[in-house]
Every structure is written in C-alpha cells, then in structure tokens.
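Below: the structure, in structure tokens.
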Protein chains: 2
Amino acid sequence: MPSAGNQTYHHGDLRSALLDAASARIENQGIEGLSLRKLADDVGVSRSALYHHFRDKNALLNAVAANGFANWIAMTSESGGDESVPAPVRMKQFVHGYVHWAVKHPQLYDLMFGRPIWKNDLADDELKDVAYPAFQYMLSLITHWQQQGLLLADKPALRQTQVIWATLHGLAKLVTDGVYADSSHIDEMCDCAVNMLLPKQ
Amino acid sequence: MPSAGNQTYHHGDLRSALLDAASARIENQGIEGLSLRKLADDVGVSRSALYHHFRDKNALLNAVAANGFANWIAMTSESGGDESVPAPVRMKQFVHGYVHWAVKHPQLYDLMFGRPIWKNDLADDELKDVAYPAFQYMLSLITHWQQQGLLLADKPALRQTQVIWATLHGLAKLVTDGVYADSSHIDEMCDCAVNMLLPKQ
DNA sequence: ATCTTTATCTTGACAGTGTCAAATTATAAG
DNA sequence: CTTATAATTTGACACTGTCAAGATAAAGAT
C-alpha cells in the first residue's frame, strides 16, 4: 500500500497530485503556461501517465475549474450567511467579496470564466454540476433581496441576477486584467456599482 | 507592378490578405482554430512569409483586434450621434447596440476582450491606440448623460463608466457564450440593465 | 504460494504548432 | 546592367497533445 509521495512505480494518488500541481502552475503562470509535459515533470511521472486519470487536457482544466467553483461557493455562502447585518450591507459585502475573490485568484477566475469553456461547450458534466449551483445560489440570494424590498420587483429575479452577475463579472475582468491594480479603485468601483444598481429611495 | 491576387512571387499586398483571411477564419472557427500554417495555405503562400509583415502570431491577432475596435467605434458613433432622440432612449439604444454587436461578431469580440491580451500585456501600441479611444468615447458619452441629468452626479463619471462598461461586457459574455441564444432574452436583459442602472425618479 | 487479471505507468512515435536562419527570387535603385 | 533591398521559400528546431504497445506493480482467485 504505497502512500502519497512515494517513489514507487505506482504513484498512489496521482490524480490529486496532478490537480495540485496544475493549480499551482496555473496560479503562477496562467493557463497558457500550462503544458502537460512540464506538469508530468513536476509530479515526477511520465508524459502520458495523466491519461489514466483524465481523458485529455481539457478534462484536467475542467477539474481545476470545478475546484474553483467549489472554493467560490464555500467562500461566498460563508460570508453571505450572516442574517444579522442588514440587507444593503450584505449586498455591498457580496459585491466586494466577489471582486476581491477574483483579484485574489485571477488566473483561476480566468480559467473559470475567461477561457472559452462555455462558448465551445467544453464543460463536462462534473463542471456543470458545480457551476450551475453557483449561479443558482446567486439567484436565490437576489430573490431574497427582492422579497425584502432591497431590489424592485418590476423585473423578474432571474433577469436582475443576470444583470448583477454581468456587472460583477465585468468589474472582475477590469481589475484582474491589471488595469486597476490600486485596491482603492477596486473598492470605489464596487461601491459605485452597488450605488447604481440599488434603487434610490 | 503586381496587383493583388496575382500568382507572382511577390504577393503584392500580403499583409492585408493575411488580415482578411485571419478575420474570416476567426469568424468561423474562433481564435483557437487559427493556425499560421493553415492561414498561409489559405492565402497560398509559405508558412513563414507572414513574418515579414507581422512580428509574430500575437501581432497578427492584435491587428485583427484593432480592426475590431475601429469597426466598433464606427458602428457606435454612427448610431449614437443622433441628438434628436431623448437621452434615455439613446442610452437604451447604446446598450442594445453594444450587446447586439457582440452577438453579431462573437469570435471577434472574444478576441478583443476575452483573450488574455490585456492581462498578459500582449497588446501592442497600435491596438492600444484604437482601444483606448473606444473607452474614451464611452466616457464622454456617459459624462454627457450625467450633465443632462440622466445619471446622478454623486459619483465621478469615470467610475460610472467603468460600472456601465462592466455590465455591458458581462451581458455580452452571457449571450456570446450561447447560453441565451434567444434574442428576446437578450433584449429583456438589456432592458433590465438599463432599468437598474438608471436612477428612478 | 502461484497464477491470472486488472490497474497503472513508461517508452516510442506521430502529427501539429510557432519561430528562426539561410538560401532563393523578384523588385527597386544607382 | 549592376547592385542593393525587400519579399518569399525551404530546412530545421523545440515544443505541444495524444495514442498504441509494452512493462510493471498491485489485487484477486485458486
């Protein structure tokens, strides 16, 4: 029974080792800098050992992206579950949380949304099963805000969710592209977004 | 004096021929499907002839993207210059125009914004010289709307421009990724965005 | 224990990619 | 007509993802 990190012929837990190494490389150099052969070298294994754990490169990237979504959901549902703070503050926190998470993991965020996974239908079921609940969670959040009167009820919650996500994603792109590295700009932009999206009383 | 389309050794206008062929291929198969060697075949020229007109593949993609920005500016400034219609209608038209342009040229739009040109500092001066005025035009538009009272003056026009562009880009991503192919959804989403971004009187 | 089966990993190979150096050819300049 | 310059090609290199066939280790059966 070989343990992880052994020098045996059978690696033991190659799948997760590959996932970790891939995440690390993506975090440092981005998706463009990820080659399967370098990855194999990192883990100390042959080029094509990977194919016994992932169908192809895309499947590996999907798995990394799926981890990203799981990570995002954990972060978000944790910080958003505090019912004691008033709804406007929670929305503000949510917006800042979303954008700051993207700033903290720019390469991962880019993999999850920027790479044409969705356009080219490259997302496998495992990824969809994690990504869809993420959007669903946002929808439930915004439905709740609408019921509380924070948002108007003149448009369906689905549409408002799409618009709000669009704004969040656009802001995230703006900051992860490095044009606005200054963190004060980020917070000002988030505040401005909340200010514009919330109906003035 | 060889004319374009000749079979002579010197192509005559290889640069623009390559640009056209690249645009065509990108429009059909996207950036991922663009190989320099296939491109050379399309134009009927050797693999490395390209390097006498573009420094590398990135320079070619930059040139195509620059054309896209020029195209976008032409479309926008044409449809946005009508001062006879009231400002709220013009903003609505602007939003719909932006998203529909993205839907019409999804692959080009993806090249202009989706590919990590900006994040990885791959944009050359030629591209920046076209892309920056595009944003500047939006800024002037929104400053104008603010002066007309269509938007509040409680936040700087630059911040509001960033937020509005973020929303537009997010919507464009939503629709170009093909999740919402139905055009009625697109219009509803645009309307909802305008509805939310404009201050309620 | 030994044999068989199965999962895992490696080596060799192939087609494809972007890119460069050197050689070739056509155009322009003197 | 010669020279210089620009445009294009051929050969080559390192790199990529992926597959087929063989080698090796672990697990299961007898």
Name all residues meeting the ring pair (Phe, Tyr, Trp, His ring centres under 6.0 Å) criterion together with A:His96; count only those two or more places apart in sequence or in a different chain, and write none if there are none.
->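 Testing A:His96 for ring pair (Phe, Tyr, Trp, His ring centres under 6.0 Å), a comparison that skips the adjacent residues, returns none.
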Nearest whole angstrom, please: distance from the [atom2] of [N] to the [atom1] of [X].
{"X": "A:Asp13", "N": "C:dA7", "atom1": "CG", "atom2": "P", "result": "17 Å"}
{"X": "B:Leu14", "N": "D:dT9", "atom1": "CG", "atom2": "C1'", "result": "13 Å"}
{"X": "A:Asp41", "N": "C:dT11", "atom1": "CG", "atom2": "P", "result": "12 Å"}

With the threshold set at 4.0 Å, does a side-chain nitrogen-carboxylate oxygen contact exist between A:Lys128 and A:Asp124?
->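 A:Asp124 and A:Lys128: not salt-bridged.
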Parallel, tilted or perpendicular: rings of B:His169 and A:His169 (30°, 60°) |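 Rings of A:His169 and B:His169: parallel, under 30°.
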Please work out which of the three classes, parallel, tilted or perpendicular, describes the rings of B:Trp165 and B:Phe113, given edges at 30° and 60°.
-> tilted
Regarding B:Arg90 and B:Gln93, is there a side-chain donor-to-acceptor distance under 3.5 Å anywhere?
-> no
Can a side chain N or O of B:His53 be found less than 4.0 Å away from OP1 or OP2 on D:dA6?
->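 B:His53 to D:dA6 OP1/OP2: no side-chain N or O under 4.0 Å.
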Could I get the full list of side chain to side chain contact (heavy atoms under 4.5 Å, CB included) partners for A:Asn28, not counting sequence neighbours?
->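 Partners of A:Asn28 by the side chain to side chain contact (heavy atoms under 4.5 Å, CB included) criterion come out as none, since no residue qualifies.
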Protein-to-nucleotide contact annotation, 5' to 3' order, nucleotides 15-21 of chain D [B base; S sugar-phosphate only; - none; under 4.0 Å, heavy atom] = -BBBBB-
